[in-house]
Amino acid sequence: MMRSTVARAALALIAVLSALALAGTPARAQAPIEGELNLITPVSKFIHDAALKAFADYAKEKWNVTVKVSAIPAGTPVAYGRITEWKGKPEVDIFWGGESALFEKLAEQKLLQKVEISKEAWESIPASIGKPKPIPLKDRDGYWVGTTLEPYGIVYNPKRLQRLGVAPLKDWDDLLNPKLKGEVAQCAPTRSSSSNATYEVILSLQGEEPGWAWLRKLAANTGHFTARSRDVPTVVAKGEFATGFAVPSYMAFEEKLAGFDIKYVAPKNAFVTPEPMAILAGARNPKAARAFIEFLLTERGQKVFMERGLFSVNPKYKVQGAAGSTAETAVEFTGGVRSYFDGDVANVYDEAVAAKRSEALKIRFRSDIEAKWDELKK
């Protein structure tokens, strides 16, 4: 009896000590985000590497989480195709960049999940910018949000233009100067969303048939169709061609930072993309994806873009820095623009029309320009 009582007392003591030990041990806190983030994007390495690194640094500082980041570089049509092929079981978490019309199509196919970032972050981005056709900066149903404002304009090589006796370029029509025959570089709209969108701008400005006549004249002056849109500013920067058509501002600025003598201009009615970002349905790292989007919309995140030839999607932030800084070099390079919200943005690009005409535009490009290019150049 005595032994039984002692045994029970010992067991009770052990139970009490165990409970106290457990109470004194803090529960393992669940990480606020996953330790991995992957995306697919047409946005160049110059931008996406910087954005991912900045986010990884931020995650380490804020949550002490080491996030393994990666990106699959892919042109917009290729990225869109991959996402549809994955059928809701994506190999990445985020799709970033390109035409917002494609994001609408993905949402219709239930291949995107709602962004669901904080109300403050969501409301910091206006619904649209531009007249007479407003450019949407976020999806009204919450499936994508813009990250930065990026104009598609013209680049030129000042020395080569001077040798040709051509004044600095300012508007789209300047590209049709007879002295620029064989001197224009562009990427086919079948390969590039920036070319596709700028072809749409020309068709909207000129009208369907006059627009195609204009584009055929541009083809007559074109000396090279590049494999990628990223190659257009490269061949101009190297002096191989005098000018380039439909070039995203940051692609041109990257060449400027590399030390090349290259100039950039966004003509009136140049297409401006908000570089949409969306989280894919079935993403394996949705918390990290939402945190990445929220980070990019902060001032710290927007600076990643503003120091690389792009503009803030938030009216509060302007491109500015110390004298001689990369930010101030960007302001000079883009003609003194600090924010697209400081003045009126002219826009004729109609998203609904572009979405309907997208396939027809590519078909007509192949038949009217690509198939007849040698003839047009004569």
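Predicted model, so just to flag it, every value in this text is computed and none were measured.
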Closest non-hydrogen contact found for L297 with N314 is O-ND2, 4.5 Å
Exercise: identify the closest heavy-atom pair between P42 and W96 =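 Shortest heavy-atom contact: CD-O, 2.9 Å.
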Please check if the side chain of D174 supplies one atom and the backbone of K170 the other of a donor-acceptor pair under 3.5 Å.
->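 At least one qualifying donor-acceptor pair exists.
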Indicate whether the side chain of S124 and that of K316 have a donor and an acceptor atom separated by less than 3.5 Å.
-> no
Tell me, do F55 and V304 make a side-chain contact under 4.5 Å, heavy atoms counted?
-> no
Other residues, nucleotides, ligands: >12 heavy atoms within 6.0 Å of K181 NZ | yes
Taking it one step at a time, do E208 and R357 satisfy salt bridge (Lys or Arg N to Asp or Glu O under 4.0 Å)?
-> CA-CA 11 Å; E208 183 84 12; R357 186 163 52 190; 2.6 Å; yes
Pick one: which of Y199, F271, Y152 meets ring-ring contact (aromatic ring centres under 6.0 Å, His included) with Y349?
->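 The option that passes is F271.
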Per the ring-ring contact (aromatic ring centres under 6.0 Å, His included) rule, which among F253, F305, Y340 passes with F311?
->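 For F311, the ring-ring contact (aromatic ring centres under 6.0 Å, His included) check succeeds only for Y340.
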Face-on cation placement of K263 at Y156 ring, 6.0 Å and 45° thresholds |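 K263 over Y156 ring: no.
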Do the side chains of I135 and V348 join up, straight or via other hydrophobic residues, at under 4.5 Å, putting them in one cluster?
-> no
Establish, yes or no, whether a centroid distance under 6.0 Å links the rings of W63 and Y58.
->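 Between W63 and Y58, the centre distance is under 6.0 Å.
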